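Below is one structure, written out as structure tokens; the observations come after it.
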Amino acid sequence: MRRTKAFIPTTKEAPNDASLPSHIFLARAGFISQVAAGLYNYMPLAKRVIKKIENIINEEMTAVGAQEVELSFVTPADLWAESGRIEKFGKELLRFKDRKNNLFVLGPTHEEMMVDLVRNRVTSYKNLPLNLYQIKTKFRDEARPRFGLMRGREFIMKDGYSFHATTADLDREFDAMEAAYKKILARLGLDFRVVEADSGAIGGSGSKELMVLADSGEDTIAVCSKCEYGANIEAAKRSKRKVIPEAPEAEFNKFLTPDTKTIEALATSFNVDPYYTVKCIAKRVVYEDESEIVLFFVRGCDNLQEVKALNATEALDIVDVTEEELAEIGLIPGFIGPLDQDKAKHVIDVDLKDAANMICGANEQDYHFIGVDLGILSDVAYFADIAEVNEGDICPHCDGELSFTKGIEVGHIFKLGTTYSEALKAEFLDENGKAQPFIMGTYGMGVSRLVAAVVEQHHDENGCKWTKATAPYMVNIMISNIKDEAQVELGEKLYGQLQESGVEVMLDDRKERFGFKMKDAELIGFPYTVIIGKELVNGSVQVYDRMTTEKLLVPADDIYTKIMELL
RNA sequence: CGGGGUGUAGCUCAGUAUGGUUAGAGUACCUGGUUUGGGACCAGGGGGCCGAAGGUUCGAGUCCUUUCACCCCGACCA
């Protein structure tokens, strides 16, 4: 492609609404343009990157036996009613009616559609397993789209669905998909981590997220310093502490503790480690038809992890409660303790089971209990893992320490089980001629988000640094002075040679100055830029490596060979 | 969905407190010339329903009302 003919509108300044590097550079370098909140046009460069990612996904999916399909983007609302997700998704579903007044939904994900496609067509265990996928635009009317391609309302996703006769077979496929996804991300040149995730409201028995490591990631993940363990903080587990602070010695007693409403104040006034205090977080948990106040207890040194809390209560939502609401049931914030089980529902963190020498609220204004042995609750109370892991906590699988890092969720694989096949009555006949719901898995990968993730992980202050697998063009030939015939001649020759060799090459033949074209090359982020300029009089050209930002001096006669080597 | 902010040229923004010739700059774009190793310079030029609708006024980018859009923080997010 000749730069003079290419539609690549680069700009010196970023749109004022962009904050993330990927957003700024993709906009400035002429990859994307915003249409409305969370809606973007892909210009030629972006389209090329997307195709490359899609090709790699297609190759790896084919390699593991998945088959590509393409389902209608417009989906009948009836299907969403059948699965019950028309309520669950709520306003995220963009709904509209056709001329016959039928209600439709723009597909945000396609479990229902895929199950509908397969049910009554695959009816025997002999035809299982089956793995179907598509790469397609999705639409979710998100409350707050942001960060450019990272969280758009319209986005491109690879979504795959597998159908099995047994859970063992699902487990096998799940592992195969994890391996395939890892291969895809490795081929794209990304530094990533597979982490355990919350399987949450969707249900199912397991889920993993593929996280591209980048400071700007929206997710916090806990990773082990020694082993492969990694988990989204929403699902991260830990071992019992190995180093335990010295326990305070005290008989069970009630103590006057005026104005001691925080863990910090409590720990200070008794001179104990917060480890020996009990923190109460009162929340209102919301169910489908009702809601109630639930008291969550964790150690003073821990915090409540709301997603875990949600799972422990099997609630739809958790919201804050006011002091007035607590007062109505006789609870005083700052002095709430777990010993009265009758005032409200309790959920106590597993780390508090059998905890001794504890200090906790006495459920009485200005009083705390000391020397509490929570062992007395071990048979009557409800314990669950509800605490958020802290940096420095012990890995659940080895003796390494957990540390936090930020990740961009680019893939999510799920063992769905029979949630959708039961809801949509999608069944097959097993060996005994008995009808069974399909056991399903679902595997998503955010293609447009990957475009952003590559830039988030690979950029500098001057622009994008595409990996070899994702670059829109591998080589940019920059003719420094278009009026210099020797430079033009060599540029044209190399351009022709590379094109013949099938290299994706851009020829910057614009009548611009060196600095302008160089800045542009860095902004767009071609892996290699051949600079044909002032060194040519000495018989040399330079190769600028975008990833390392080093310039390599190469004899002009060897440049074609050198480039072919580098690729 | 709560809280905050911003809408003026393709882009980045002045101008709005205190209404008053023909609405500005930089950049980008077009023409000509000079320049040619890090987003050059000179000269000329095209480009605006000042987000939209209503109102106040002799007069509105500026004041009032309504509304729409976009951004940020939070809640939410297979």
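Letters A, B, ... are given to chains in the order of the sequence lines, protein chains preceding strands, and every chain is numbered from 1. No experiment lies behind these values; they were computed from the predicted model shown.
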| query | Is the backbone N or O of I524(A) less than 3.5 Å from a side-chain atom of R28(A), with the two atoms forming a donor-acceptor pair by type? | reply | no
| Separation of atom NE2 in H23(A) from atom P in C72(B), rounded to whole Å | 8 Å
| query | What distance, rounded to whole Å, do you find between the two P atoms, one in C71(B) and one in C13(B)? | reply | 14 Å
| said: Syn or anti for C29(B), given that syn means the glycosidic angle lies within 90° of 0? | reply: anti
| field | Assigned glycosidic conformation for A17(B) [threshold 90° from 0] | value | syn
| E142(A) CD to G74(B) C1': how many Å, rounded? | 15 Å
Going by atom type alone, with no hydrogens or angles, which donor-acceptor pairs under 3.5 Å involve a side-chain atom of residues 5-16 of chain A and a protein atom two or more places apart or on another chain?
residue	atom	partner	partner atom	Å
T10(A)	OG1	D520(A)	OD1	2.8
T11(A)	OG1	E13(A)	O	2.8

| task | Mind listing the closest non-hydrogen atom pair of H412(A) and A197(A) along with its distance? | result | NE2-CB, 3.9 Å
| task | In whole angstrom, give me the gap between the P atoms of G61(B) and G20(B). | result | 10 Å
| query | In chain order, what residues pass the side chain to side chain donor-acceptor pair (under 3.5 Å) check against K138(A), with sequence neighbours excluded? | reply | D159(A)
| Short side-chain to backbone donor-acceptor contact, H458(A) and V454(A), under 3.5 Å | no
| query | For S83(A), what residues pass the side chain to side chain donor-acceptor pair (under 3.5 Å) criterion, not counting sequence neighbours? | reply | E112(A)
If you restrict it to nitrogen or oxygen atoms, what contacts under 3.5 Å exist between nucleotides 1-5 of chain B and the protein, and what is each distance?
residue	atom	partner	partner atom	Å
C1(B)	OP1	K91(A)	NZ	3.3

| How would you list, by chain and number, every residue that makes a side chain to side chain donor-acceptor pair (under 3.5 Å) with D460(A), sequence neighbours excluded? | R546(A)
| query | Considering only the C1' atoms, how many Å lie between G4(B) and C58(B), rounded to the nearest integer? | reply | 39 Å
| query | Is a side-chain donor-acceptor pair under 3.5 Å present for E173(A) with H164(A)? | reply | no
| Shortest non-hydrogen contact from V410(A) toward A453(A) | CG1-CB, 4.0 Å
| Taking it one step at a time, do K208(A) and V195(A) satisfy side chain to side chain contact (heavy atoms under 4.5 Å, CB included)? | CA-CA 6 Å; K208(A) 287 186 179 177; V195(A) 302; over 6 Å; no
| task | Check every strand shown and say whether P9(A) touches a base, only sugar-phosphate, or nothing at a heavy-atom separation below 4.0 Å. | result | nothing
| Taking the nucleotide of RNA chain B with the closest heavy atom to each, which residue, F147(A) or G411(A), is nearer the 5' end? | F147(A)
| Rounded distance in Å - CD (E13(A)) to C1' (A14(B)) | 14 Å
| message | Rounded to whole Å, please give me the gap between CZ in R284(A) and C1' in A75(B). | response | 17 Å
| said: Please report the distance separating the P of C49(B) from the corresponding atom of A43(B), rounded so that it comes out in whole Å. | reply: 29 Å
| request: Take atom C1' in A9(B) and the same atom in A14(B), then report the distance between them in whole Å. | output: 13 Å
| What's the CG-P distance between D219(A) and C76(B), to the nearest Å? | 13 Å
| query | Considering only the P atoms, how many Å lie between G3(B) and G51(B), rounded to the nearest integer? | reply | 25 Å
| field | Whole angstrom value for the distance that separates C1' of A69(B) from CD of Q34(A) | value | 11 Å
| task | Please report, rounded to the nearest Å, how far the C1' atom of A75(B) is from the CD atom of E218(A). | result | 14 Å
| Between Q457(A) and L213(A), which heavy-atom pair has the shortest distance, and what is it? | NE2-O, 2.7 Å
| remark: Out of C71(B), U36(B), U12(B), minimum distance to the side chain of A37(A) belongs to C71(B)
| field | Partners passing side chain to side chain donor-acceptor pair (under 3.5 Å) against E522(A) (at least two apart in sequence or in another chain) | value | Y544(A)
| If you write RNA chain B from 5' to 3' in dot-bracket form, with Watson-Crick or G-U pairs under 3.5 Å, [ ] for crossing pairs and | for pairs with another strand, what do you get? | (((((((..((((......[...)))).((((((.....)))))).....(((((..]....))))))))))))....
| task | For G48(B) versus G33(B), give the span between their C1' atoms, rounded off to a whole number of Å. | result | 30 Å
| 5' priority, RNA chain B, between I482(A) and M445(A) [closest heavy atom] | I482(A)
| note | Each nucleotide of nucleotides 37-47 of chain B classed B (base within 4.0 Å of a protein heavy atom), S (only sugar-phosphate) or -, in 5' to 3' order, makes BBBB-------
| task | Would you tell me if any nitrogen or oxygen in the side chain of N16(A) comes within less than 4.0 Å of OP1 or OP2 on C13(B)? | result | yes
| Partners of S421(A) by side-chain contact (heavy atoms from CB on, under 4.5 Å), sequence neighbours excluded? | T418(A), A426(A), P437(A), F438(A), M440(A)
| Taking atom C1' in both C11(B) and C29(B), what distance in whole Å separates the two? | 12 Å
| Using 30° and 60° as the class limits, which term best fits the ring planes of F89(A) and W80(A): parallel, tilted or perpendicular? | perpendicular
Interface polar pairs with nucleotides 50-53 of chain B, N/O, under 3.5 angstrom:
none

| Can you name the residues that form a salt bridge (charged side-chain N to carboxylate O under 4.0 Å, His left out) with K517(A), not counting sequence neighbours? | none
| field | Rounded distance (Å) that lies between atom P of C29(B) and atom CZ of F7(A) | value | 14 Å
| request: Could you pull out all residues at least two apart from K534(A) that satisfy salt bridge (charged side-chain N to carboxylate O under 4.0 Å, His left out)? | output: none
